Amino acid sequence: MHRALGLACVVLVGFFTSGPVGAWAASPKTPSSVDPDESRFDDPRLGRYMLRSSVLIGLGLKHGWGSDGWGRTEYAKAFHIKSDEDYLHNPAAQDGAAETLIAYQVEAMAPLLKRYDGRTFKTADGKTATINQSALIGAAHRVGVYCVIAYFQTYDAHDTVGKADQMPSRFRQVEVRLVDFKDTPYNEDSADQKTGKKK
């Protein structure tokens, strides 16, 4: 999966069902221009999980920009997708894209989990954050893995009380998710796509 690390952000909405990741997820390229966590103002969100085109391209699921930019990727062939309309009318394809993204996020968060798992600290809002996989994935879903990585590079899981004024808004969002999602399984089959909580 993806190894390169950067500081770009994208707002990703939804918690996803668990399941096997298809063969199309194998070792896609991630140059900076198509990074899975890169956000573009002209980058439309697609489908029930509101995944941006740049995310689909970065994961190797879509070949290029535009509605007809799907090309002949293994994913596009597996789900018979030739256009954005095909994608929008194919729930299974959207689930497959979500599963591929979460697999990428789990791997990208693994070094942080290894280093910080179980650590607690006080956030800028004075709340207690506990670091575990659910909290990290929850934060990654909101702001993208590179923003989460950048947050920990900046604050190293130390208390941030009193730093709210100088903290970037995206880092505040990381802290909110670390607090709110530590007890929310990210891979429940019946997870609600907006909250991640079981229905």
Side-chain angles (χ1 to χ4, degrees), residues 1-18 30 32-45 48-52 54-55 58-59 98 101-188 191-199:
M1 297 290 286
H2 308 270
R3 304 289 183 187
L5 299 181
L7 302 180
C9 297
V10 64
V11 175
L12 299 175
V13 179
F15 273 72
F16 313 136
T17 59
S18 61
T30 52
S32 60
S33 61
V34 292
D35 195 289
D37 282 333
E38 184 171 342
S39 176
R40 292 166 51 99
F41 291 111
D42 60 346
D43 190 4
R45 295 183 179 93
R48 61 188 294 195
Y49 301 110
M50 298 181 71
L51 300 187
R52 292 182 182 272
S54 59
V55 174
L59 291 171
L101 175 61
I102 201 171
Y104 156 67
Q105 291 176 327
V106 167
E107 181 170 338
M109 293 291 95
L112 293 182
L113 184 64
K114 182 178 180 180
R115 180 170 181 175
Y116 299 111
D117 189 25
R119 188 178 299 190
T120 62
F121 66 94
K122 292 291 186 180
T123 68
D125 292 331
K127 298 179 180 179
T128 299
T130 302
I131 303 172
N132 58 25
Q133 188 172 54
S134 292
L136 291 171
I137 296 301
H141 282 334
R142 182 69 179 94
V143 299
V145 298
Y146 298 156
C147 287
V148 178
I149 291 167
Y151 171 85
F152 283 98
Q153 288 175 337
T154 303
Y155 298 109
D156 197 31
H158 293 141
D159 290 351
T160 58
V161 175
K163 298 181 179 180
D165 290 343
Q166 63 263 40
M167 182 179 289
S169 62
R170 69 187 188 277
F171 288 171
R172 296 288 300 277
Q173 293 174 26
V174 170
E175 290 194 341
V176 168
R177 286 293 177 119
L178 292 176
V179 171
D180 290 348
F181 285 83
K182 65 181 183 298
D183 298 319
T184 304
Y186 69 89
N187 59 351
E188 294 278 357
D192 177 87
Q193 60 179 297
K194 287 188 177 180
T195 67
K197 297 179 181 178
K198 291 195 72 173
K199 295 179 180 178

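Just so it is clear, the model here is predicted, and its values are computed rather than measured.
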Distance-minimising heavy-atom pair for N132 and D117 = CA-OD1, 3.6 Å
Find out whether V176 and F181 are in side-chain contact, i.e. whether some heavy atom of one side chain is under 4.5 Å from a heavy atom of the other.
-> no
On a heavy-atom basis, the closest approach of K182 and A135 is CA-CB, 3.9 Å
For V161 and T123 the tightest heavy-atom approach is CG2-O, 3.2 Å
Sidechain-backbone polar pair: Q173 side chain, V143 backbone, donor-acceptor under 3.5 Å | no
How many angstroms lie between atom OG1 of T160 and atom CZ of F171, to the nearest 0.5 angstrom?
-> 11.0 Å
Are the side chains of F121 and L178 in touch, meaning some heavy atoms are under 4.5 Å apart?
-> yes
Does any non-hydrogen side-chain atom of I102 lie less than 4.5 Å from one of H141?
-> yes
Say you draw a straight line from CD1 of I149 to OG1 of T154; how long is it, rounded to the nearest 0.5 Å?
-> 11.5 Å
Tell me yes or no: between the side chains of K122 and T128, is some donor less than 3.5 Å from an acceptor?
-> yes
Nearest heavy-atom pair of L113 and Q133: which atoms, and what distance?
-> CD1-N, 3.5 Å
Of all the heavy-atom pairs spanning R119 and R115, show the shortest one and how long it is.
-> NH2-O, 4.1 Å
Just wondering, do F152 and I131 contact through their side chains at under 4.5 Å, heavy atoms?
-> yes
